[in-house]
Amino acid sequence: EAGVAQSPRYKIIEKRQSVAFWCNPISGHATLYWYQQILGQGPKLLIQFQNNGVVDDSQLPKDRFSAERLKGVDSTLKIQPAKLEDSAVYLCASSFTGGGNTEAFFGQGTRLTVV
Amino acid sequence: AQKVTQAQTEISVVEKEDVTLDCVYETRDTTYYLFWYKQPPSGELVFLIRRNSFDEQNEISGRYSWNFQKSTSSFNFTITASQVVDSAVYFCALTSNSGYALNFGKGTSLLVTP
């Protein structure tokens, strides 16, 4: 079974530039998550989708971050404009359903460096 | 609000030693789920175990074991006879059916040296 695919693996941009990350979840998984992991910290949820609807985006900085999940499958996360503090690993995860009774599977992440 | 505390930032052990990683959680939910994930240098979070709040039985899987105690709100993870391949960052996480997404602790970095 293929895992969660993310691209690119690494990205370096200058502050105030834009960047987009892509995620392809495990086939059949209805729930998709984007997490931000700053160096030395645990992952923090940015947004959670159930199919193509948003379940939780309370911690998403909506003035600069946006995300969509077209047709309830692939998802993109965009940052515009980027700030230095956005340097982090962006992890995409998917699970069969939402809630705690199924585990989430994570991709390898995109490491973003903002200079 | 839910919170997970992993007080140990870094642990260093010599191969074959036993090591316990601590996890303390806070939640007002009566139904909740606890997880452990491993993050090797490659960066991908690897699922290790899930426990629901109604099941306090300890679990053993090979060299790994988990001790869940509701009385102390702890879900500790022990690696027996550690190996170099166990070197990674380990995260404890918490969710509930009302919260859905995982709330992670800050992680414990484990280094196992030969």
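Note on naming: letters A, B, ... go to the chains in the order of the sequence lines (proteins, then strands), and numbering restarts at 1 for each one. Not measured: the values here are computed from a predicted model.
- B:Phe77 and B:Tyr64 have perpendicular rings, their planes meeting at more than 60° on a 0 to 90° scale where under 30° would count as parallel.
- Here the options are A:Leu77, A:Asp57, A:Asp56, the test is side-chain contact (heavy atoms from CB on, under 4.5 Å), and the partner is A:Leu46; only A:Leu77 passes.
- Interface residue B:Tyr37: only side-chain heavy atoms are found under 4.5 Å from chain A.
- Looking at A:Gln6, there are no atoms closer than 4.5 Å to chain B (heavy atoms on both sides), in backbone or side chain.
- Using a 4.5 Å cut-off between heavy atoms, A:Arg111 makes no contact with chain B at all.
- Taking 4.5 Å as the limit, every side-chain heavy atom of A:Phe21 sits out of range of all side-chain heavy atoms of A:Cys92.
- Contacts with chain B were tallied for A:Pro43, A:Ala104, A:Gly40, A:Gly107; A:Pro43 has the most, counting heavy-atom pairs under 4.5 Å.
- For B:Gln39, the part lying near chain A is the side chain, with the backbone staying farther off; criterion is any non-hydrogen pair under 4.5 Å.
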### Message
Between B:Thr20 and B:Thr78, does the side-chain hydrogen bond (donor to acceptor under 3.5 Å, both in side chains) criterion hold? Intermediate values first, please.
### Response
CA-CA 4 Å; B:Thr20 295; B:Thr78 298; 2.8 Å; yes

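- Only the side chain of A:Val55 comes within contact range of chain B, with at least one heavy atom under 4.5 Å from a heavy atom of that chain.
- Between B:Glu56 and B:Lys70 there is no salt bridge, since none of the side-chain N atoms of the basic residue sits less than 4.0 Å from a carboxylate O of the acidic one.
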